[in-house]
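One structure is given below, encoded as structure tokens.
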Amino acid sequence: MPVNIPDKLPAIEILKKEHIFVMDDLRASTQDIRPLKILILNLMPIKITTETDLIRLLSNSPLQLEIEFLGLSTHTPKNTPIEHLMSFYTTFSKIKNAYYDGMIITGAPVEMLPFDEVKYWKEFTQILDWARTHVTSTFYICWGAQAALHHFYGINKYPLEKKLFGVFKHRINDPSFPLFRGFDDEFHAPHSRHTTILADEINRHPALTILSESDEAGVYIVTSRGGREFYVTGHSEYSPSTLHKEYIRDKEKGMDSVALPENYYRNNDPEQPPLVRWRSHAYLLYINWLNYFVYQATPFHIEEVAQLGEL
């Protein structure tokens, strides 16, 4: 089943060239089915890239999805045309009385700032609190995961001695957990961050469960409220070229200390293409989230999400 996304969103033409089936609002309106409503709060600087990466993964589900993008009224991105934001993004004031089956909150390029110094922190935390009563299951990514864990549970983030940058091996702590259906015993995922969260701190909180970890990258996936919230510290949604673009960007900025992304280029040579080892994991992760924690958990009458407890 295709993903229903706003007419003329740039991702449509990109994904069609990859033979990924997406449909616009007009065609979707002819199908007699209640789609799953998915809200994406996109805080990444290059918004069109992130839109495409996430829709690529979500589109592999047999479920029909209706995607809506949310922006912040207290922050104007510098790297995305204002016309794009006005055409394809809504604001919290317009959707605060609505309900959604699922929500994705991305990372943001503010991880070196204390949380309360992020200029949009107040609006951001209002959205976090709202999601708990208006969304069946929320999927937090990278800084979004760190920020939500801090807001809800007081979990701290800590600076790393050097940027965690590359593709790393992970293990599953509970192979029977539905999020990992079809996973191998070990899998890879990209990371790109300067800060981390600590397993000991999370384990001391009874409401939190670490589902996946890495010897190199640390805590990877945490869950709470029976699967109504997932906190993912890496970037499984990254396309094959994203880490390369980040590496070139930082080199061009004159950041001489920038290291090669680990376990990424063939033969560790940036002149050779990356070896993609996380794609199957990424598709499974999003499909399983949609199936087991959104589709199978959400009420038919979506407004009943407000009365939904732990899954």
Side-chain angles (χ1 to χ4, degrees), residues 36 38 54 57-58 60-63 101-105 107 128 131-132 135-158 164 166-191 193 196-238 263 277-298 308-311:
L36 295 177
I38 307 296
L54 289 172
L57 296 176
L58 294 171
N60 207 41
S61 168
L63 305 165
D101 302 292
M103 183 175 184
I104 297 171
I105 297 180
L128 297 188
R132 285 199 144 184
V135 179
T136 298
S137 184
T138 305
F139 194 101
Y140 298 95
I141 301 172
C142 199
W143 180 85
Q146 293 182 347
L149 284 168
H150 178 75
H151 177 65
F152 292 135
Y153 301 107
I155 302 299
N156 296 309
K157 64 182 172 87
Y158 299 92
L164 182 69
V167 181
F168 302 98
K169 188 184 298 183
H170 299 71
R171 61 184 177 275
I172 299 166
N173 292 343
D174 180 4
S176 67
F177 195 79
L179 192 69
F180 303 113
R181 295 280 167 84
F183 274 52
D184 293 323
D185 293 339
E186 294 181 336
F187 62 92
H188 293 82
H191 288 260
R193 51 188 166 87
T196 193
I197 53 178
L198 302 181
D200 288 346
E201 197 169 326
I202 295 169
N203 286 330
R204 287 196 295 269
H205 204 296
L208 299 173
T209 301
I210 300 175
L211 297 176
S212 176
E213 300 175 80
S214 166
D215 291 338
E216 297 169 290
V219 174
Y220 179 48
I221 302 177
V222 177
T223 190
S224 65
R225 303 174 72 211
R228 291 199 66 185
E229 290 157 356
F230 290 100
Y231 311 90
V232 182
T233 66
H235 284 285
S236 56
E237 80 282 1
Y238 271 6
N263 312 311
R277 292 182 285 188
W278 67 93
R279 189 159 29 210
S280 59
H281 145 68
Y283 278 112
L284 274 176
L285 182 66
Y286 279 83
I287 291 170
N288 287 344
W289 172 65
L290 284 172
N291 183 18
Y292 297 109
F293 299 97
V294 180
Y295 172 67
Q296 294 191 30
T298 200
L308 193 64
E310 263 195 26
L311 300 184

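Please read all numbers here as calculations on a predicted model, not as lab measurements.
Here the side chain of Asn291 pairs no donor or acceptor atom with the backbone of Ile287 at under 3.5 angstrom. Between the side chain of His235 and the backbone N or O of His191 there is no donor-acceptor pair closer than 3.5 Å. A donor-acceptor contact shorter than 3.5 Å is absent between the side chain of Asp101 and the backbone of Val294. Using a distance-only test at 3.5 Å, with no hydrogens or angles considered, no donor-acceptor pair links the side chain of Arg277 to the main chain of Val167. Side-chain N or O atoms of Ser137 include one that pairs as donor or acceptor with a backbone N or O of Gly227 at under 3.5 Å. A side-chain donor-acceptor contact under 3.5 Å links Trp278 to the backbone of Tyr238.
Listed here is the closest heavy atom pair of Gly107 and Cys142: CA-CB, 4.2 Å. Gly234 and Glu237 get closest at one heavy-atom pair: O-OE1, 4.4 Å.
Here the straight-line distance linking atom NE2 of His170 with atom CG of Leu211 works out to 12.5 Å at 0.5 Å rounding. To the nearest 0.5 Å, atoms CD1 (Ile105) and OG1 (Thr138) are separated by 6.0 Å. Interatomic distance, CD1 of Ile197 versus NE2 of His150, reported as 12.5 Å (0.5 Å rounding). The structure places OG of Ser236 at 5.0 Å from CG of Leu285, a figure rounded to the nearest 0.5 Å. Here the straight-line distance linking atom CG of Asn203 with atom CD1 of Ile210 works out to 4.0 Å at 0.5 Å rounding.
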Atom pairs and distances, side-chain donor-acceptor, residues 215-226, under 3.5 Å, sequence neighbours left out:
unit_1, atom_1, unit_2, atom_2, d
Asp215, OD1, Arg171, NH1, 2.8
Tyr220, OH, His281, NE2, 2.9
Thr223, OG1, Glu229, O, 3.0
Ser224, OG, Tyr153, OH, 3.3
Ser224, OG, Glu229, OE1, 2.7
Ser224, OG, Tyr231, OH, 3.1
Arg225, NH1, Glu229, OE2, 3.1
Arg225, NH2, Arg132, O, 3.4

For a quick test of your reading: what N or O donor-acceptor pairs under 3.5 Å do the side chains of residues 175-190 make, sequence neighbours left out?
unit_1, atom_1, unit_2, atom_2, d
Ser176, OG, Asp174, OD1, 2.6
Arg181, NH1, Tyr292, OH, 3.2

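The side-chain heavy atoms of Thr196 and Leu164, taken from C-beta on, include no pair separated by under 4.5 Å. Leu208 has its side chain within reach of Ile155: a pair of non-hydrogen atoms, C-beta onward, lies under 4.5 Å apart.
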One pair to check against side-chain contact (heavy atoms from CB on, under 4.5 Å): Ile141 and Leu54. What are the steps and the verdict?
CA-CA 11 Å; Ile141 301 172; Leu54 289 172; 4.3 Å; yes

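A search for side-chain hydrogen bond (donor to acceptor under 3.5 Å, both in side chains) contacts involving Asn173 returns Glu213, not counting sequence neighbours. Listed by chain and number, the residues in a side-chain hydrogen bond (donor to acceptor under 3.5 Å, both in side chains) with His205 amount to none (sequence neighbours excluded). Not counting sequence neighbours, the partners of Phe139 by the ring-ring contact (aromatic ring centres under 6.0 Å, His included) test are Tyr286, Trp289. Contacts of Leu311 classified as side-chain contact (heavy atoms from CB on, under 4.5 Å), with partners at least two apart in sequence or in another chain: Arg228, Phe293, Ala297, Leu308.
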